[in-house]
Amino acid sequence: MDIEQIINLLSKEVNTFQAPIKDFEKIQTKEPFKVLVATILSSRTKDEVTSQAAKRLFDRVKNPEDLEQLSVSEIEKLIYPVGFYRVKARNLARLPSALKEVGGKVPDTMEELLKLPGVGRKTANLVLSRAFGKPAICVDTHVHRLVNMWGFVHSKTPEQTEDALKKLLPLHLWSQVNPTLVAFGQKVCKPKSPRCTCCPLSSWCSSSTIDDPNSSF
DNA sequence: AAAACGGGGGC
DNA sequence: GCCCCAGTTTT
């Protein structure tokens with residue numbers, strides 16, 4: 001199998017994994033501002049927690065002007081308990097002014113997105129894909145770990161993995177890579193306790209273990 | 001009880 | 001490159 005086949009296969013099965021991932025769709029409005037905020041909240045945070053926090057925040061905040069009215073501590077209370085909620089609250093409080101400096105709207109280029117507080121390469125790629133439908137691949141730790149384990153790339157950094165994957169996959173699959181492999185990495189191919197017994201790739205994967213004490217899929 | 005975790009930023 | 005931010009989940 002090649003990486004293209006795997007993404008195709010897993011993207012179909014991803015919703016059958018135990019405790020299906022909460023669709024980002026539920027908080028996704030395609031409004032770039034909300035997508036940006038929700039994506040910032042989502043780093044190092046599970047979808048369900050992100051989703052709840054985003055709902056609370058969007059109840060009060062529809063646009064940068066609304067956000068500007070809130071204090072850091074108010075934002076903290078609204079977004080708790082996403083990972084690093086204090087850092088994120090500080091960054092969100094700075095977001096309205098940061099947006100003004102890049103033209104007043106949520107930017108649709110990597111270069112401009114990286115100027116925003118709390119937005120690094122991974123978050124920027126997700127925003128490009130989620131908000132603007134641009135081809136982008138977010139290589140987080142799961143994506144990096146899995147594609148290296150499978151041997152499709154041999155890379156040290158996420159950036160190298162991103163470049164390699166872009167050469168291996170057709171454009172239309174780029175947006176599938178992160179959501180598919182993150183869900184797979186969380187629910188099936190977990191770093192310390194892979195559930196190979198219920199993995200659709202077990203007969204192919206050379207890392208597959210024979211015994212799987214945790215299988216109760 | 002300790003380590004890891006879907007990342008980013010400051011040094 | 002190293003270390004911090006933080007609560008939650010996993011080991």
Side-chain angles (χ1 to χ4, degrees), chain A residues 7 10-11 14-15 17-28 35-54 56-57 72-73 75-95 97-98 101 107 110-130 136-149 155-162 165 174-195 209 211-217:
Chain A
I7 299 297
L10 292 182
S11 66
V14 75
N15 288 322
F17 297 157
Q18 185 187 43
I21 55 169
K22 297 291 180 184
D23 264 344
F24 196 82
E25 315 294 321
K26 290 178 180 169
I27 52 175
Q28 183 163 16
V35 173
L36 172 63
V37 171
T39 304
I40 289 173
L41 291 179
S42 74
S43 75
R44 275 186 169 280
T45 305
K46 289 192 168 67
D47 274 0
E48 184 162 357
V49 176
T50 304
S51 195
Q52 298 299 319
R56 283 195 301 277
L57 188 62
V72 172
S73 68
I75 299 175
E76 283 183 1
K77 288 173 188 168
L78 288 168
I79 67 175
Y80 179 90
V82 300
F84 302 109
Y85 71 99
R86 279 184 184 158
V87 178
K88 288 174 183 172
R90 282 199 298 274
N91 286 335
L92 287 175
R94 290 171 48 207
L95 189 57
S97 66
E101 291 185 11
M110 172 66 71
E111 184 186 359
E112 298 288 303
L113 282 167
L114 290 177
K115 294 177 180 174
L116 303 176
V119 178
R121 185 172 195 85
K122 301 182 181 69
T123 304
N125 269 325
L126 289 176
V127 171
L128 288 174
S129 175
R130 290 170 175 172
I137 301 181
C138 170
V139 176
D140 59 29
T141 56
H142 281 300
V143 176
H144 185 70
R145 170 175 65 87
L146 290 169
V147 298
N148 273 284
M149 178 191 78
S155 63
K156 177 76 175 169
T157 68
E159 288 78 8
Q160 290 169 10
T161 301
E162 184 184 328
L165 285 178
W174 289 15
S175 64
Q176 296 277 346
V177 174
N178 183 271
T180 300
L181 295 190
V182 167
F184 180 70
Q186 276 184 344
K187 301 301 179 190
V188 181
C189 197
K190 298 190 280 187
K192 298 281 187 179
S193 56
R195 304 170 66 191
T209 54
D211 192 19
D212 180 2
N214 291 320
S215 69
S216 56
F217 199 29

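Model, not experiment: these values are computed from the prediction. Both backbone and side-chain heavy atoms feed into the values below; hydrogens, waters and symmetry mates do not. Reminder, nothing fancy here: chain letters follow the sequence lines and each chain counts from 1.
The side chain of Arg86(A) lies closest to dA6(C), out of dC5(B), dA6(C), dG7(B). Listed nucleotides dG6(B), dG7(B), dA6(C) differ in distance to Val87(A); the shortest reach to its side chain belongs to dA6(C). Of the candidates dG6(B), dC5(B), dG7(B), the closest approach to any side-chain atom of Pro191(A) belongs to dC5(B). Checking dT11(C), dG8(B), dT8(C) against every side-chain atom of Lys122(A), the shortest atom distance belongs to dG8(B).
Atom-to-atom, OH of Tyr80(A) to C1' of dG7(C) comes out at 6 Å; the value is rounded to the nearest Å. Rounded to whole Å, atom P of dG8(B) lies 20 Å from atom OH of Tyr85(A). Whole-Å rounding puts the Arg44(A) CZ to dA3(B) P distance at 15 Å. Taking atom CZ of Phe84(A) as the reference point, atom C1' of dC5(C) lies 5 Å away to the nearest angstrom. Atom CG in Leu41(A) sits roughly 14 Å away from atom C1' in dG6(B) (whole-Å rounding). As a whole-Å value, the separation of Leu36(A) CG from dG8(B) P is 12 Å. Rounded to a whole Å, the NE2 atom of His142(A) is 8 Å from the P atom of dG7(B). Separating the CZ atom of Arg90(A) from the P atom of dC5(C) is a distance of 10 Å, rounded to the nearest angstrom.
Between His144(A) and Thr161(A), the shortest heavy-atom distance links the atoms ND1-OG1, 2.7 Å. Gln176(A) approaches Ser11(A) most closely through the heavy-atom pair OE1-CB, 3.5 Å. Across every non-hydrogen atom of Leu146(A) and Leu181(A), the tightest pair is CD1-O, 3.5 Å.
Nucleotides dA6(C) and dA1(B) have their P atoms positioned 23 Å apart, rounded to a whole Å. When the C1' atom is used for both dG6(B) and dG1(C), the distance is 22 Å, rounded to whole Å.
A sub-4.0 Å separation between OP1 or OP2 of dG7(B) and a side-chain N or O of Thr45(A) is absent. Contact check, Thr141(A) against dC5(B): no side-chain N or O comes under 4.0 Å of OP1 or OP2.
Ser51(A) places no side-chain N or O within donor-acceptor distance of the main-chain N or O of Glu48(A), the cut-off being under 3.5 Å.
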For nucleotides 1-4 of chain C, which of its nitrogen or oxygen atoms have a protein nitrogen or oxygen under 3.5 Å away, and what is each distance?
none

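Remark on DNA chain B: of its neighbouring residues Leu116(A) and Lys46(A), the 5'-side contact belongs to Lys46(A), judged by nearest-heavy-atom nucleotide.
With no hydrogens or angles considered, no side-chain donor-acceptor pair links Thr50(A) and Thr45(A) at under 3.5 Å.
Remark: Tyr85(A) pairs with Tyr80(A) by the ring pair (Phe, Tyr, Trp, His ring centres under 6.0 Å) rule, at least two apart or across chains.
With a 4.5 Å cut-off on side-chain heavy atoms, Leu36(A) and Leu116(A) count as touching. Two residues are said to be in side-chain contact when any heavy atoms from C-beta on lie closer than 4.5 Å; Met110(A) and Asn125(A) meet this criterion. Looking at heavy atoms from C-beta onward, Asp140(A) lies in side-chain contact with Val182(A) at the 4.5 angstrom threshold. Side-chain contact check for Ile40(A) versus Asn91(A): every heavy-atom pair is 4.5 Å or farther apart.
Within the 4.0 angstrom heavy-atom criterion, only backbone atoms of the sugar-phosphate kind lie near Val119(A); the bases stay farther away. As judged by a 4.0 angstrom heavy-atom cut-off over every strand, Gly83(A) is placed among the base-contacting residues.
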Using Watson-Crick and G-U wobble pairs with both distances under 3.5 Å, what is the 5'-to-3' dot-bracket string of DNA chain B, with [ ] for crossing pairs and | for pairs outside the strand?
|||||.|||||

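For Asp47(A) and dG6(B), a side-chain-to-base donor-acceptor distance below 3.5 Å is present, hydrogens and geometry of angles not being considered.
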